[in-house]
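We number each residue from 1, following the sequence as shown.
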Amino acid sequence: MTDTSQLWYSLNKDCSDILTQPPVELSLDSKERTNKFSDDIKALGEYFPQLTSLLVTDKNEQGLILEISLKEIFILCPRGRCRVDRYSQLQKYLKENYNTTLIIKSQKTKPNDHEEDNL
């Protein structure tokens, strides 16, 4: 046996026990840790305790409705820009996976009542 083949043999032999181990089962917690929304869900869970209890029980037949302002969610779950459309994928994820509706209220500039007087 050459030095190279002996090296490959010893490396493969050392790794053989890794390949024969069964895969690790994923729990709900580890599922959330690997999810791209895990930080957002964790922050929202601290803000909305009912969301945390829903994640633990994983049962939501009636549908949960969470309402938050754009400013508050931007602080909890920062995005590149403070816009409602930046959270559409998070809203979709919560709806599909937890039957939870996330309503984000934006404080858009409203017309001033006094402007009509100036016309």
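- Atom CG of residue Leu51 and atom NZ of residue Lys42 lie 13.5 Å apart, to the nearest 0.5 angstrom.
- Judged by distance alone, the side chain of Ser106 and the main-chain N or O of Leu70 form no donor-acceptor pair under 3.5 Å.
- Contact record, Glu72 with Tyr47: OE2-OH, 2.8 Å, taken as the closest heavy-atom pair.
- Rounding to the nearest 0.5 Å places CZ of Arg83 at 12.0 Å from CZ of Phe74.
- Ring orientation note: the planes of Phe37 and Tyr93 are tilted relative to one another, at an angle of 30° to 60°.
- Atom NZ of Lys95 has more than 12 neighbouring heavy atoms from other residues, nucleotides or ligands inside a 6.0 Å radius.
- At least one donor-acceptor pair closer than 3.5 Å links the side chain of Tyr87 to the backbone N or O of Cys77.
- Gln50 is listed as a side-chain neighbour of Leu66, based on a closest heavy-atom distance under 4.5 Å.
- One finds the CD1 atom of Ile104 at 8.5 Å from the OG atom of Ser88 (value rounded to the nearest 0.5 Å).
- Glu67 pairs by the salt bridge (Lys or Arg N to Asp or Glu O under 4.0 Å) definition with Lys105, not counting sequence neighbours.
- Taking each heavy atom of Ile73 and Ile68 in turn, the nearest pair found is N-CD1, 3.8 Å.
- Taking both residues in full, the closest heavy atoms of Arg79 and Arg86 are given as NE-O, 3.3 Å, listed atom of the first, atom of the second, then distance.
- Atom CG of residue Asn97 and atom CD1 of residue Ile41 lie 7.5 Å apart, to the nearest 0.5 angstrom.
- For Gln91 against Leu102, the heavy-atom pair with the smallest separation is NE2-O, 2.7 Å.
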